[in-house]
Amino acid sequence: MSDKKDIKKEDIELCQGYCLHKGLVEEVRKEQPTDEMLDDLANLFKIFGDSTRIKIIYSLFEREMCVCDIAELLGMTQSAISHQLRVLKNGRLVKFRKEGKTVYYSLDDEHVGKIFDCGLCHVKEMYY
């Protein structure tokens with residue numbers, strides 16, 4: 001990224017003294033999802049953490065595609081694309097449908113598109 005700045009330890013601002021806001025802490029604690037849910041969320045973002053999978057998600061964000069088309073678009077083998085699609089499918093980020101001998105992939109639901117689009121908009125802000 002062109003304007004990316006490495007954040008150093010001394011760049012992080014800390015409170016000058018100890019000031020616990022118990023009410024705030026309890027309010028957030030009460031609304032906090034379970035550890036299992038947060039682990040699942042972390043795993044979701046790990047799946048998004050691979051550039052090949054992001055390219056596949058982008059492709060499927062645009063339109064439904066078969067493995068052959070995705071492989072051609074990304075300049076990769078069908079085997080490599082198939083492996084990444086398996087990871088995305090296991091993470092419930094993509095789904096498929098068969099039409100004769102052809103298998104078409106698409107994003108699993110509108111949430112996947114929203115997550116992707118939101119992240120892409122955030123990154124684009126850094127460039128414009």
Side-chain angles (χ1 to χ4, degrees):
M1 289 178 243
S2 55
D3 293 339
K4 185 177 177 184
K5 178 182 170 187
D6 289 332
I7 298 174
K8 299 176 181 89
K9 185 178 178 181
E10 58 271 11
D11 293 336
I12 304 298
E13 296 293 328
L14 301 174
C15 295
Q16 295 300 311
Y18 184 76
C19 56
L20 181 62
H21 301 92
K22 274 191 162 194
L24 175 73
V25 171
E26 288 306 316
E27 186 179 319
V28 172
R29 183 177 285 137
K30 193 168 44 172
E31 298 298 321
Q32 186 172 334
T34 65
D35 285 346
E36 182 180 12
M37 290 173 75
L38 293 174
D39 287 344
D40 287 345
L41 181 60
N43 288 327
L44 172 72
F45 284 112
K46 284 179 188 175
I47 294 171
F48 273 97
D50 178 89
S51 62
T52 299
R53 290 192 288 268
I54 288 295
K55 290 174 186 175
I56 293 170
I57 290 170
Y58 174 78
S59 303
L60 299 178
F61 182 70
E62 291 298 317
R63 65 187 41 179
E64 177 183 71
M65 298 178 83
C66 74
V67 176
C68 302
D69 295 334
I70 298 168
E72 176 67 26
L73 179 66
L74 301 185
M76 297 176 68
T77 65
Q78 289 184 37
S79 176
I81 296 299
S82 178
H83 170 74
Q84 296 301 338
L85 284 168
R86 190 171 18 266
V87 173
L88 292 167
K89 186 175 172 290
N90 288 340
R92 296 179 37 215
L93 298 176
V94 301
K95 62 184 176 184
F96 69 92
R97 69 174 181 86
K98 292 183 178 184
E99 190 175 292
K101 293 182 178 182
T102 306
V103 179
Y104 291 96
Y105 284 86
S106 60
L107 297 182
D108 189 71
D109 61 31
E110 66 182 54
H111 297 112
V112 178
K114 286 180 182 178
I115 293 166
F116 176 80
D117 192 42
C118 201
L120 185 58
C121 286
H122 180 70
V123 169
K124 282 181 176 179
E125 286 180 357
M126 293 184 255
Y127 288 92
Y128 304 113

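Hydrogens, waters and symmetry mates are skipped; everything else that's a heavy atom, side chains included, is used.
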Legend entry - Stepwise side-chain contact (heavy atoms from CB on, under 4.5 Å) check, Met37 with Thr34: CA-CA 5 Å; Met37 290 173 75; Thr34 65; 3.2 Å; yes
Inset, instruction - Step by step, work out the side-chain contact (heavy atoms from CB on, under 4.5 Å) result for Ile70 and Leu60. - result: CA-CA 9 Å; Ile70 298 168; Leu60 299 178; 4.0 Å; yes
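- In this structure, CG in Asp109 is found 8.5 Å from CG in Leu93, a value given to the nearest 0.5 Å.
- Evaluation of the salt bridge (Lys or Arg N to Asp or Glu O under 4.0 Å) rule for Glu110 yields Lys114 as partners, not counting sequence neighbours.
- There is no path of hydrophobic side-chain contacts, each under 4.5 Å, that joins Tyr104 to Met65.
- Residues Thr52 and Ile56 have side chains in contact (heavy-atom distance under 4.5 Å, counting atoms from C-beta outward).
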Legend entry - Trace of the side-chain contact (heavy atoms from CB on, under 4.5 Å) decision for Val112 with Leu88: CA-CA 11 Å; Val112 178; Leu88 292 167; over 6 Å; no
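- Criterion: ILVMFWY side-chain heavy atoms under 4.5 Å apart, direct or through other members. Under it, Ile54 and Phe45 are part of a common hydrophobic cluster.
- Put simply, NE2 on His83 and CE on Met76 are 9.5 Å apart, with the number rounded to the nearest 0.5 Å.
- The salt bridge (Lys or Arg N to Asp or Glu O under 4.0 Å) search around Glu26 returns Arg29, not counting sequence neighbours.
- Neither Leu24 nor Tyr18 shares a network with the other; the hydrophobic side chains, linked directly or stepwise wherever heavy atoms of I, L, V, M, F, W or Y lie under 4.5 Å apart, form separate groups for each.
- Side-chain contact check for Tyr105 versus Glu64: every heavy-atom pair is 4.5 Å or farther apart.
- The shortest distance between side-chain heavy atoms of Arg97 and Glu99 falls below 4.5 Å.
- Atom NZ of Lys22 and atom CD of Glu27 lie 15.5 Å apart (nearest 0.5 Å).
- Considering OH of Tyr58 and CG of Leu73, their distance stands at 9.0 Å, rounded to 0.5 Å.
- Counting non-hydrogen atoms of neighbouring residues, nucleotides and ligands closer than 6.0 angstrom, the CD atom of Glu72 reaches no more than 12 such neighbours.
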Inset, instruction - Show the numbers, then the answer: is there a side-chain contact (heavy atoms from CB on, under 4.5 Å) between Leu107 and Ile57? - result: CA-CA 7 Å; Leu107 297 182; Ile57 290 170; 4.1 Å; yes
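- Between the CD1 atom in Ile47 and the NZ atom in Lys89 there is a gap of 12.5 Å [rounded to 0.5 Å].
- To the nearest 0.5 Å, atoms CG (Leu44) and CG (Leu38) are separated by 12.0 Å.
- Residue Gln32 places its CD atom among more than 12 non-hydrogen atoms of other residues, nucleotides or ligands, all under 6.0 Å distant.
- Using a 4.5 Å cut-off on side-chain heavy atoms (C-beta onward), Gln78 and Ile81 make no contact.
- Shown here for Lys46 and Arg53, the closest heavy-atom pair between the two residues is O-NH2, 3.7 Å.
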